[in-house]
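Keep in mind that the numbers below use all heavy atoms, side chains included, and drop hydrogens, waters and symmetry copies. Throughout, residue positions are numbered sequentially from 1 according to the sequence presented.
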Amino acid sequence: MSETRLSGVAVSPGRASGPVVRVAEPLGEPASTPKPDDPQAEATRIAPATQAVVGRLEALAETAAGDAATILMTTAAMAGDPALISEAERLVTAEGMPAARAIYESANGFARTLAAAGGYLAERVRDIEDVRDRVVAELLGVEPPGVPDLPSPSVLVARDLAPADTAGLNPERVLALVTEEGGPTSHTAILARALGIPAVVAVRGLLALDAKALLVDGDTGVVEGADPTAPVLAATKTGPAKWDGAGQTMDGHRVKVLGNVGSPADAQAAADEGAEGVGLFRTEFCYLDAPSEPSVAEQRAAYTAVLTPFAGKPVIVRTLDAGADKPLAFLSPEAEPNPALGVRGLRVAFDRPDVLDRQLEAIAGAAADSGAEVSVMAPMVATAEEAAWFAERVRAAGIARAGVMIEIPAAALSAKEILGAVDFVSVGTNDLAQYTFAADRQLGAVAALNDPWQPALLRLIALIGGAAKSTGKPAGVCGEAAADPLLARVLTGLGVTSLSMNAAAVRAVGASLAASTLAECEAAAQAALSAADPASARAAVRG
């Protein structure tokens, strides 16, 4: 390929160049033949193979910290999932599959379930595929897929990186990360920022690029061939951001810096990083593996464990973001031709208000048990009428503050009317971008459209910020956009009053706000709104 300049989605800032090391492709499908002579004996190979993978991932987790450790432990838990193992064993004994093929099929079933779930859960499909490939390699007695040992500082090139691979990277050896697939909300993006490694994802044509060395610009998304004999250029490492823990601009304009959490481990990590509270508590973890709806008492105990690290601090709990596209058997969903546009989020509660009311009862109980200052918000709200219906049920459950997620363009356009019905709104930029640009957030081919710097997306957020200002009510951002320290200034300038993100980004965002005045944030916002495309918006704000 003669073209040596490509572009993708910039997800972690900095410029670096050096020799290319390619990550090996996954093993592919294991053979479904020959049938084992002794299916019982073949089935007994599966559990020890998964345990070997679990052991390696847990050992890696012990050497990591923060988000990286959490991700490695989560991946290890997936590898040891009894349901994954028992289904694979059944495929060997009942259908005569070799063990490697059985674990491959079992994992693919789990992956399809998560993919159908959409949103945050669909982003965990890569984790399941990584577990699958590691266990298959163990059963076949071959080297597992993933990042090779790097003898010297290198630019890592891959189709996509599994979260466990990214979590185990040595930032001293990895100059930059470039992937052909992935998107701005992927684990690769989140961890690259946490590690301070320049990264560009969704670079179409990357694997066909015949370059021995690459220059990677994590600010503009440009990746180009470099002179392999030139000295290595390492990105300037700034070290952990210095921040006093108060979410505000240099001149004292208050912007809360909060954590996004979905488990007790996430909550503890966010608290350890200094988050002032939680802007998004995803409650799906409580329901995922449950064959029937968890009882109010079970939900209450599970929520209390997440809320406890934030006693006396604000926590916004999002009600169940599920629907006909979600793997929740007790909701008895009907098949839908297009689940992303179907009965999901709050729309489920219109059909099953009893499920919502039991969840609200459990949340109210967990608030009392933990001492956290709990508010509740609903996902997938389209109109002010829906927002009012939800707020009424929340208050009837004894919870003082009700809000809604703005993830649908119609809700952004009706933000003023919606804020008339509720106490606050929170912008889910990942879904708002997906619905605004008609671009699936899991699909690498359209990842550039889901870039949170898209001016059209920022103009919708400006409408929401204006509505918040005119009604005197708060508007937060809890999508991945909030985790970008530079974009955090733009969002503040657009009228956003809180920013909520993964734990790894908390200090950097807090420090970025503390280094700017409100007037500078407003000027940055105007520069971004006037830009023609994401690259111009980034450049204008830097300027």
Thinking salt bridges, do [X] and [Y] make one under a 4.0 Å N-O criterion?
X	Y	value
Arg507	Glu273	yes
Arg538	Asp533	no
Asp321	Arg282	no
Glu181	Arg204	no
Asp219	Arg542	yes
Arg318	Glu284	yes

So, the side chain of [X] versus the backbone of [Y]: is there a donor-acceptor pair under 3.5 Å, distance only?
X	Y	value
Ser414	Ala411	no
Ser512	Ala508	no
Arg489	Glu520	no
Arg459	Leu529	yes
Asn450	Ala439	yes

* **Qualifying residue for side chain to side chain contact (heavy atoms under 4.5 Å, CB included) with Leu460, from Ile406, Thr436, Thr429** =>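 Going through Ile406, Thr436, Thr429 one by one, the side chain to side chain contact (heavy atoms under 4.5 Å, CB included) with Leu460 is satisfied by Thr436 alone.
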
* Asked: Applying the side chain to side chain contact (heavy atoms under 4.5 Å, CB included) test to Leu161, which of Val178, Val23, Val201 qualifies?
  ->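 Result: among Val178, Val23, Val201, Val23 is the only option passing the side chain to side chain contact (heavy atoms under 4.5 Å, CB included) with Leu161.
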
* To do: Would you please say whether a donor-acceptor pair under 3.5 Å links the side chains of Asn260 and Ser500?
  =>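 Looking only at side-chain atoms, Ser500 and Asn260 do form a donor-acceptor pair, the distance falling under 3.5 Å.
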
* Between the side chains of Gln434 and Asp431, does any donor sit under 3.5 Å from an acceptor? ->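 Checked: Gln434/Asp431 side chains pair up, N/O donor to acceptor below 3.5 Å.
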
If I take atom [atom1] from residue [X] and atom [atom2] from residue [Y], how far apart are they, to the nearest 0.5 angstrom?
X	Y	atom1	atom2	value
Arg401	Ile316	CZ	CD1	6.5 Å
Gln248	Glu276	CD	CD	8.5 Å
Met377	Phe424	CE	CZ	6.0 Å
Ser17	Leu175	OG	CG	7.5 Å
Leu214	Ser154	CG	OG	11.0 Å
Met78	Asp127	CE	CG	4.5 Å

Is the shortest heavy-atom distance from the side chain of [X] to the side chain of [Y] under 4.5 Å?
X	Y	value
Phe281	Val376	no
Val200	Val11	no
Val317	Val315	yes
Leu513	Leu499	yes
Leu491	Ile461	yes
Tyr104	Glu129	no
Met501	Val257	yes
Val203	Glu180	no

Do you know the tightest heavy-atom contact between [X] and [Y]?
X	Y	value
Pro455	Ala531	CG-O, 3.4 Å
Val506	Leu258	CG2-O, 4.3 Å
Ala402	Val422	O-CB, 3.4 Å
Ala387	Ile418	CB-CG2, 4.1 Å
Ile408	Ala382	CD1-CB, 4.0 Å
Tyr435	Arg344	OH-NH1, 2.7 Å

* List the steps and the verdict of side chain to side chain donor-acceptor pair (under 3.5 Å) for Arg159 and Thr179. => CA-CA 5 Å; Arg159 180 173 303 280; Thr179 64; over 6 Å; no

* Step by step, would you call Asp130 with Thr75 a side chain to side chain contact (heavy atoms under 4.5 Å, CB included)? -> CA-CA 8 Å; Asp130 178 40; Thr75 310; 4.0 Å; yes

* side chain to side chain contact (heavy atoms under 4.5 Å, CB included) between Phe390 and Thr319: does it pass, once the steps are laid out? -> CA-CA 10 Å; Phe390 176 73; Thr319 56; 4.0 Å; yes

* Go through the steps for Val427 and Val496 under the test side chain to side chain contact (heavy atoms under 4.5 Å, CB included), then give the verdict. => CA-CA 9 Å; Val427 185; Val496 166; 5.7 Å; no

* Carefully, step by step, assess Val343 and Phe350 under the rule side chain to side chain contact (heavy atoms under 4.5 Å, CB included). => CA-CA 9 Å; Val343 181; Phe350 301 143; over 6 Å; no

* Determine which pairs satisfy salt bridge (Lys or Arg N to Asp or Glu O under 4.0 Å) with at least one residue from residues 461-486, sequence neighbours left out, and list them in order. =>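 Every pair satisfying salt bridge (Lys or Arg N to Asp or Glu O under 4.0 Å) with a residue in residues 461-486: Arg193-Glu480.
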
